[in-house]
Amino acid sequence: MRLSLETFYYPGEDRPTVQGIELDVGAGECVLVAGGSGSGKSTLARILAGVLPGRHNGELTARFEVAGENLVFSGTGSVNPRVNPAVWNRNIAYVGQVPSAQLSTVAATVAEEIAFALENAGMEHALMKQRVRITASALGLTELLERKPFELSGGEQRRMIIASAAALNPATLVLDEPMAGLDADARRAVENVIGSLLDRGAGVVLLSPELGGAGRLAGQMLLLDGGKMVASGPRQAVLTSAWAARLPVIPDPLDAPEPAETMLQPPCPAPHARTPAAALGGVVYRYGTQRRRPFLASRKRAKTSAQAVLDGVDLALGAGERVAIAGANGAGKTTLLRHLNGLARPESGTVRILDRDIAGQSVGAVSAHVSYLFQDPQDQLFERTVAREVGYGLPELDPAAREAVVKEALRRCGLAELAGAHPYELPASAQRLVALATVLARRPAVLVMDEPTVAMDRDGLDRLADAISQEAARGAAVAIVTHDLDFAYRHCHRLVLLSGGRIVADGPFSRVLAHHFAGGEAFGVQAPAAWLRRREP
Amino acid sequence: MLPDSPAAPGGLNPLTLLSAAVVIAVTTTAINSWAVSAAVLLLLAALLSLNGLGRKVLPAAAVIMVPFWLSLLLTHGLFFHEGRTILWTAGPVRVTAEGLEFAAGMGLRTAVFVVVFLAFSFSVRPADLMALLSKYRLPPQLGFVLCSTLTIAPAVSGRARRIAQAQQSRGLVTGPGAGGRLRAVRQQAVPLVMALLHEAGSRADSLEARGFGGRGPRTSYREVPDSPAQRIFRWLAVAALAVFLALWFGPGWFTPGGVR
C-alpha cells in the first residue's frame with residue numbers, strides 16, 4: 001500500500017489538517033506514525049481506513065496504490081472514486097482509538113463481534129468459524145467468546161476489535177494506539193498478532209505518540225507535527241530527529257537516554273497525616289447484588305454471579321500520598337476506584353472519606369471531597385464548551401470566583417486557548433486534559449484517576465505529572481489506576497497490586513518492585529523499564 | 001451502554017415468535033369481543049410472568065395503554081351517542097352500557113395487540129434478526145435499522161446513566177421524589193441528545209470502516225435457532241389463520257359474531 005497525500009481539509013476549514021505525507025507500507029513491513037496530540041495521526045488513520053472524506057465531505061487530494069489499483073482523489077468531489085467499505089476493508093483494515101465506539105451493537109457474543117468484519121466480507125460460514133477460533137486464541141480471547149461484547153473491560157474490548165480486523169487477514173492493518181489501556185499479557189498478545197500478520201506478509205501501520213512498546217516492531221518511522229510529515233525513514237535514524245524537533249512524543253524507556261533520577265522521597269507530612277483521607281475496610285463487591293428486585297428473573301441472576309469483583313479489600317490513602325494501583329485487566333481496579341466516590345457500593349465492608357462513612361451519602365455529596373477522573377473521557381464530558389465543562393458543579397457561587405477557578409484549571413492543563421471549543425471536537429489527548437481540568441478545579445481532598453495516561457502525548461503526561469505532584473503537595477491523597485508503571489514509577493511513591501479482587505502487595509514503590517518483580521513481571525503488570533535498567537549491574 | 005440481551009425463550013426462531021404474535025393479534029382483533037380479549041390478555045400476562053418477561057413487557061404496555069384507556073373512557077364511556085341503556089347521566093354526560101362495552105372491547109383488543117408485539121420485540125434477539133435478514137439476502141442496513149429500534153431504549157438509558165454518574169461525580173445531588181428526578185432529567189437532556197448524536201456519527205464511521213454497508217452479499221456467523229417442529233408450527237399457524245379468517249369473514253354457514 002502506498003499513499004501520497006497532498007492535502008486533506010475538513011469541511012469549512014481553510015487550513016489542511018494533514019498535508020505532504022508519503023507513506024509506503026511494503027509486504028511484511030511495519031511503519032510507526034508517531035506524533036503528539038493534534039498532529040493529525042487519527043485523521044491520517046481515518047483516511048487510510050477509507051472513512052474520510054466519505055460522508056464528511058472533506059477535501060482529499062491524494063493518490064492511493066492499493067492492491068495493484070491506483071485511486072486518485074483530486075479534492076473536487078464529483079470525480080473522486082467511491083469506496084466500497086467491504087472491499088476496502090479487506091485491503092486496509094482499521095482499528096480506531098476508542099474500542100467501545102466500534103462495537104457493531106448487533107452482535108450478541110464476542111465471537112459474533114469478531115466475525116462482524118468477516119460477515120461483511122461475505123465469508124463462508126465454516127471458514128469464518130475457523131478464522132474466529134484461530135484469531136481469538138492468538139489474542140487470548142478464547143475464554144471470552146460467549147460473553148457479551150459490551151460487558152468486557154476496555155482492554156478486552158480493544159483486543160476483540162483488533163481480533164475482528166486481524167481475522168480478515170487484510171493486506172494492510174492500520175492500528176490507532178493499539179496498546180492503550182492494555183495489561184502486560186494483552187500487550188504481548190497484540191504484539192504477537194502483529195508479528196504473525198507481518199510474517200504472513202501483511203503490512204502494518206501503527207499510529208501512536210509512543211516510540212516504545214509495539215513501536216519497536218516498526219522498521220520504518222514517520223514523524224508528524226501539525227499535520228505535516230517532519231521526518232521519515234528507518235526507525236533508529238528518525239528517533240534522533242524526534243528529539244531534535246522536540247516533538248511531544250513519548251520516548252521508549254528502553255532506548256531513551258534516562259536522566260539520572262532519584263527515587264521519590266515520601267511526601268511531606270500533611271495536616272491530616274494521622275487520619276487517612278480515604279479508607280476501604282473489608283470491602284466485598286460483586287455484580288448483581290446491588291439492584292436486587294423481588295422478581296424471579298433478577299433473583300436468579302443475583303444467585304448465579306457468585307464471583308466477587310472485590311474480595312475483602314483494605315486500603316487507606318493518606319493525605320499527600322501518591323499511590324499507583326496496578327493489576328491485570330479485569331482485576332477489579334476500576335471497581336475499587338468507584339467505591340471511593342460512591343459510584344459503587346460495597347456488598348459488605350465500609351468506605352470512609354475524611355473519617356466519615358459514606359454509606360447513605362449520595363455520589364453528589366461525596367464529590368465535595370472526592371474527584372474522579374473516568375477511564376473514558378467521553379464518560380466524563382457532557383457540556384457545550386470546555387469552559388462550561390470545567391465550571392460544572394463547582395461549589396463557588398460567585399461568578400467571578402468561579403471564572404478564576406476555571407481559568408486556573410485550564411491554564412494548568414494547557415487549555416486556555418480552547419476554552420470556547422466543544423469538548424467532543426478535540427483530539428483524544430486534549431479531551432483527557434479537559435477531563436483532568438474538571439477534577440483539578442474542584443480541589444478535592446481525594447483525587448482518584450482511572451488510567452489517566454492513556455492517549456496522552458508527552459506534553460499531556462508532563463501536565464498530568466505536574467498535577468499529581470501539586471495536588472499531593474497541597475495535601476490531597478492521589479490514587480491512580482494504571483498499566484503504565486513507567487509513569488507511575490516516576491510520579492508515585494507507593495504501589496498497590498490488585499489480583500482477582502484482592503490486594504496482593506502494598507507498600508513503597510521500590511520495595512514492592514524488589515519483592516515481586518524479580519522476573520520483570522508480576523500479576524499481569526510489567527515492571528518499569530527504568531527500574532529494570534537500574535537493577536542491571 | 002448497550003442493552004441486556006432479552007430474556008428470550010431459548011431456541012425460538014424470530015419467525016416462530018412473529019407468526020405466533022400475528023396469529024394472536026389478528027384472531028383477537030377479528031373476533032372483537034371484550035371477553036375473549038380479556039381472556040387472551042390474562043393468559044399472555046401469566047405466560048410472560050412465568051418466563052420472566054412480564055417484568056419488562058407489562059410496565060411498558062401499561063405506559064402505552066393507560067392513557068389510551070383513559071381517552072377511550074372519556075370519548076366512548078361518557079359520550080356514546082348510539083348508547084341506549086343509560087346507566088348514569090349528568091348534563092351532556094351519558095354513561096351507557098353500550099358505550100362502556102365499546103370502550104372495553106376496543107381497549108382490551110388494542111391491549112392484546114400492544115402486549116403481543118412488545119413481547120415479540122423484547123424477546124427477539126437483535127442478533128437473530130440480523131442473521132435472519134442476512135440469510136434472506138435483505139439489505140443489512142435494513143437489519144441494522146430494525147435492530148437499532150430494538151436496542152435504542154436500553155442504549156439511551158445506558159448513556160443517560162453514565163451522564164448522570166459524571167454529573168453526580170461533580171456535585172449534582174438528585175433530590176428525592178418526582179421533583180428531584182425532573183431536575184436531573186432537565187440537566188441531562190441536552191448532554192444526552194448531543195452525546196447520542198456524536199455517538200451515532202462515530203458509530204457510523206466505524207461500522208463503515210469494518211466493511212458494513214458494502215455492496216455484495218453478507219453472510220452470518222450466527223446460526224438462527226430453528227427446528228423442523230418450528231417450521232411446521234409456522235406453516236400450520238399461517239394456514240390455520242388463513243382458514244379461520246376465510247370462515248369468519250367469508251359468506252356461509254359460520255356465523256360471525258357468535259361470541260359477540
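Chain naming here is simple, since letters A, B, ... match the order of the sequence lines and numbering starts at 1 in each.
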Pair B:Gln165, A:Arg338 - check side-chain hydrogen bond (donor to acceptor under 3.5 Å, both in side chains), show working.
CA-CA 11 Å; B:Gln165 288 187 346; A:Arg338 289 169 73 87; 3.1 Å; yes

May I have the step-by-step check of side chain to side chain contact (heavy atoms under 4.5 Å, CB included) for B:Glu199 and A:Tyr424, ending in yes or no?
CA-CA 10 Å; B:Glu199 200 171 285; A:Tyr424 287 167; over 6 Å; no

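Neither the backbone nor the side chain of B:Ala131 comes within contact range of chain A; no heavy atoms are under 4.5 Å apart. Of the two parts of A:Asn341, only the side chain, counted from C-beta on, holds a non-hydrogen atom closer than 4.5 Å to a non-hydrogen atom of chain B. Heavy atoms closer than 4.5 Å to chain B are found in both the backbone and the side chain of A:Glu389. In this structure, no portion of A:Ala441 lies under 4.5 Å from any heavy atom of chain B. Proximity to chain A (any heavy atom under 4.5 Å) is shown, for B:Gln188, by neither the backbone nor the side chain.
Residue A:Arg147 places its CZ atom among more than 12 non-hydrogen atoms of other residues, nucleotides or ligands, all under 6.0 Å distant. Shown here is B:Phe212, whose CZ atom has more than 12 heavy atoms of other residues, nucleotides or ligands within 6.0 Å.
Highest contact tally toward chain B, considering only A:Leu343, A:Leu52, A:Val95, is held by A:Leu343 [criterion: heavy-atom pairs under 4.5 Å]. Most heavy-atom pairs under 4.5 Å with chain B, from the set A:Ala117, A:Ala107, A:Ala93, A:Ala111: that is A:Ala111. Put simply, of A:Ala365, A:Gly96, A:Gly364, A:Pro444, the one with the most heavy-atom pairs under 4.5 Å next to chain B is A:Gly364. Contact count against chain A (heavy-atom pairs under 4.5 Å) is highest for B:Ser220 among B:Pro217, B:Cys147, B:Ser148, B:Ser220. Ranked by non-hydrogen atom pairs under 4.5 Å with chain B, the options A:Ser371, A:Ala86, A:Gly393, A:Ser367 are led by A:Ser367. By number of non-hydrogen pairs under 4.5 angstrom with chain B, the leading residue of A:Glu124, A:Glu383, A:His125 is A:His125. The candidate with the highest count of non-hydrogen atom pairs below 4.5 Å against chain B, out of A:Ser104, A:Pro149, A:Gly50, A:Gly342, is A:Ser104.
Remark: side-chain polar atoms of B:Arg170 are paired, donor with acceptor, to backbone N or O of A:Gln380 under 3.5 angstrom. Using a distance-only test at 3.5 Å, with no hydrogens or angles considered, no donor-acceptor pair links the side chain of A:Ser362 to the main chain of B:Val173. When atom types are taken as modelled, the side chain of B:Thr219 and the backbone of A:Met123 share a donor-acceptor pair closer than 3.5 angstrom. In this structure a side-chain-to-backbone donor-acceptor pair under 3.5 Å is present from B:Arg203 to A:Leu103.
Here B:Leu207 contributes atom CG and A:Thr105 contributes atom OG1; the two are 6.5 Å apart, rounded to the nearest 0.5 Å. Summarising the geometry, atom CD belonging to B:Glu208 is positioned 10.5 Å from atom CG belonging to A:Asn89; distances are rounded to the nearest 0.5 Å.
When all heavy atoms of A:Ala49 and B:Ala209 are compared, the closest pair comes out as CB-CB, 4.3 Å. Scanning all heavy atoms of the two residues, the minimum distance from B:Ala127 to A:Glu112 falls at CB-OE1, 3.5 Å.
Contact annotation: the side chain of B:Asp205 approaches that of A:Arg46 to within less than 4.5 Å [non-hydrogen atoms, C-beta and beyond]. Taking 4.5 Å as the limit, some side-chain heavy atom of A:Phe374 sits within range of a side-chain heavy atom of B:Ser169. Residues A:Glu119 and B:Met130 form no side-chain contact, since every pair of their non-hydrogen atoms from C-beta on lies 4.5 Å or further apart. For the pair A:His422 and B:Met194, the minimum side-chain heavy-atom distance is below 4.5 Å. Side chains of B:Val190 and A:Phe382 form no contact here, defined as non-hydrogen atoms less than 4.5 Å apart.
Aromatic pair B:Tyr221/A:Phe116: centroids not less than 6.0 angstrom apart.
Checked for salt-bridge contact, B:Glu223 and A:Lys129 meet the test: a charged N lies under 4.0 Å from a carboxylate O. Salt bridge B:Arg210/A:Glu113: present, at least one basic N to carboxylate O contact under 4.0 Å.
Interface residues of residues 162-176 of chain A toward chain B, defined by a heavy-atom distance below 4.5 Å and sorted by number: A:Ser164.
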